[in-house]
S.K.: 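Got a structure here, written out as structure tokens. Questions coming.
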Amino acid sequence: MSFALHPAPRFGSAPFGLSAHAGGGPGVGQSAQEGLNDTIETAKTADRMGYHRFWMSEHHAMPALSVASPPLMMARLTADTQRIRLGAGGIMLPNHAPLIVAEQFGMLEALAPGRIDLGVGRAPGTDGATASALRRENLGAESFDEQVAELLGFLADDFPDHHPYSQVHAVPGPWQNKENRIAVPGRQTPLWILGSSPYSAQLAARLGRPYAFALQFGDADIETALRIYRGNFAPSKVLGAPYVMVSLSAIASRDAEFAKAEATSTAMAMLRMFKRESFKLLDPKEVAEYPATVQEQAIIQMYAQRTLAGTAEQVARRLEAPQASTGADELMLVTASYWQGSGAQTLRLLAEHYQN
């Protein structure tokens with residue numbers, strides 16, 4: 001049982017493959033329904049415009065993010081898209097029993113064969129109290145390696161005979177096919193390791209898995225992480241050489257100043273988190289009117305500048321620099337904005353720019 005990685009082809013004239021990511025919205029004054037509908041439209045646009053993947057991340061207790069369950073949203077999108085790969089980027093594995101994750105992604109693979117990705121991370125995707133409520137068995141990041149190993153065992157149905165779960169099977173999955181005498185391709189949902197630290201890089205290298213680095217979070221040392229990943233990569237039966245995807249926040253508009261103003265919404269949301277306030281997307285006008293201290297204004301500006309915001313040409317130029325410096329095999333655009341339709345617009349404008 002193995003999987004083909006499905007590396008991203010070049011995106012039109014771009015020197016790299018390009019994928020997309022959305023968090024489900026909504027902004028202040030918008031409902032969860034509106035935010036999720038906007039995510040659906042963004043996914044449809046990504047599919048039409050030839051992006052390689054469309055991923056969503058698991059978050060909890062955040063007003064600006066409605067995708068508490070990526071598998072639920074992915075199930076909806078299997079019917080709304082035709083070609084694009086759908087993925088969780090990622091599932092916060094310590095929040096879940098590995099068997100449940102394996103079963104959910106077995107169902108998704110059955111609904112959209114060959115189009116499903118599974119990325120896993122060890123962060124909670126929320127605050128400490130909510131993480132405690134989610135992790136009823138008190139499993140945390142310290143047992144992440146073991147949880148990943150267990151998940152892989154369920155996905156492939158290959159626990160050794162002496163393992164306590166050797167007679168426990170994820171359904172749908174390989175065991176069900178065997179029991180029902182179904183001859184199917186030896187395909188397994190690709191498992192990615194997500195992160196922004198040397199720990200995640202080392203784990204991905206040791207397991208011989210593709211590695212997705214979240215550069216949108218800012219100060220993470222990507223050079224060290226990728227050096228560890230590539231230098232320690234152990235070829236596996238599922239991946240013969242290192243494969244790196246780097247995600248970055250991006251907002252494209254025909255009006256560069258409007259795009260830059262949009263970027264202040266997520267920057268303000270980050271400031272609110274530092275202040276132990278809820279992560280929510282405010283109208284850029286409200287952000288501009290906020291009586292920030294000098295230190296707060298510096299934080300807002302820092303995070304706004306980390307978003308690749310501007311015209312499609314400007315965003316493309318800023319995309320090409322980190323790809324050249326990291327040698328990433330694929331880039332993923334994290335589309336987050338107060339304004340509905342912004343994510344789809346960003347994807348359309350960049351597709352036009354690269355003539356994809």
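Everything numeric here is computed off the predicted structure, so don't read it as measured data. By convention here, the first residue in the shown sequence is residue 1. All heavy atoms count here, side chains included; hydrogens, waters and symmetry mates do not.
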S.K.: Verify the neighbour count for atom CE of Met73: are there more than 12 heavy atoms of other residues, nucleotides or ligands below 6.0 Å?
M.R.: yes
S.K.: Has the side chain of His52 got a donor or acceptor atom that lies under 3.5 Å from a matching backbone atom of His6?
M.R.: yes
S.K.: Should Phe54 and Leu331 be regarded as members of a common hydrophobic cluster, given that ILVMFWY residues are connected when their side-chain heavy atoms come within less than 4.5 Å of each other, either directly or indirectly?
M.R.: yes
S.K.: Is the backbone N or O of Trp339 less than 3.5 Å from a side-chain atom of Ser337, with the two atoms forming a donor-acceptor pair by type?
M.R.: yes
S.K.: Heavy-atom count around Glu277 CD within 6.0 Å, excluding the residue itself: above 12?
M.R.: yes
S.K.: Should the pair Phe159 and Tyr165 be assigned to parallel (<30°), tilted (30 to 60°) or perpendicular (>60°) ring geometry?
M.R.: perpendicular
S.K.: Going by an N to O cut-off under 4.0 Å, is there a salt bridge joining Arg10 and Glu330?
M.R.: no
S.K.: Between Ser166 and Asp161 (side chain of the first, backbone of the second, donor and acceptor by atom type, cut-off under 3.5 Å), is there such a pair?
M.R.: yes
S.K.: Are any of the side-chain nitrogens in Arg317 or Glu320 under 4.0 Å away from the carboxylate oxygens of its partner?
M.R.: no
S.K.: Counting only N and O atoms by type, is there a donor-acceptor contact under 3.5 Å from the side chain of Thr264 to the main-chain atoms of Lys260?
M.R.: no
S.K.: Can you see whether Tyr303 has Arg306 sitting over its ring - NZ or CZ less than 6.0 Å from the centre and within 45° of the normal?
M.R.: yes
S.K.: Would the distance check show the side chain of Ser278 and the main-chain N or O of Lys280 forming a donor-acceptor pair, the cut-off being under 3.5 Å?
M.R.: no
S.K.: Taking Ser236 for the side chain and Leu239 for the main chain, is one N or O donor matched with an acceptor at less than 3.5 Å?
M.R.: yes
S.K.: Give the cluster check for Leu349 versus Met49: same hydrophobic cluster or not, with ILVMFWY residues linked at side-chain heavy-atom distances below 4.5 Å.
M.R.: no
S.K.: Between Phe144 and Tyr199, what is the ring plane arrangement, given parallel below 30°, perpendicular above 60°, and tilted in between?
M.R.: tilted
S.K.: Are Trp192 and Val120 connected, step by step, through hydrophobic side chains (Ile, Leu, Val, Met, Phe, Trp, Tyr) whose heavy atoms are closer than 4.5 Å?
M.R.: yes
S.K.: Please determine which of Ile251, Thr335, Thr42 meets the side chain to side chain contact (heavy atoms under 4.5 Å, CB included) test together with Ser342.
M.R.: Ile251
S.K.: Transitively linked via ILVMFWY side-chain contacts under 4.5 Å: Ile222 with Phe16?
M.R.: yes
S.K.: Is the side chain of Gln305 donor-acceptor paired with the backbone N or O of Met302 at a distance under 3.5 Å, no angle test?
M.R.: no
S.K.: Report yes or no: do Leu72 and Met62 belong to one cluster of Ile/Leu/Val/Met/Phe/Trp/Tyr joined by side chain heavy-atom distances under 4.5 Å?
M.R.: no
S.K.: Name the residue from Arg115, Arg48, Arg76 that meets the side chain to side chain donor-acceptor pair (under 3.5 Å) definition with Thr81.
M.R.: Arg115
S.K.: When you measure from the side chain of Arg85 to the backbone N and O of Gly114, does any donor-acceptor pair fall under 3.5 Å?
M.R.: yes
S.K.: May I ask you to say whether Lys275 pairs ionically with Glu296, meaning some side-chain N is under 4.0 Å from a carboxylate O?
M.R.: yes
S.K.: Do NZ/NE/NH1/NH2 and the carboxylate oxygens of Asp145 and Arg206 come within less than 4.0 Å?
M.R.: yes
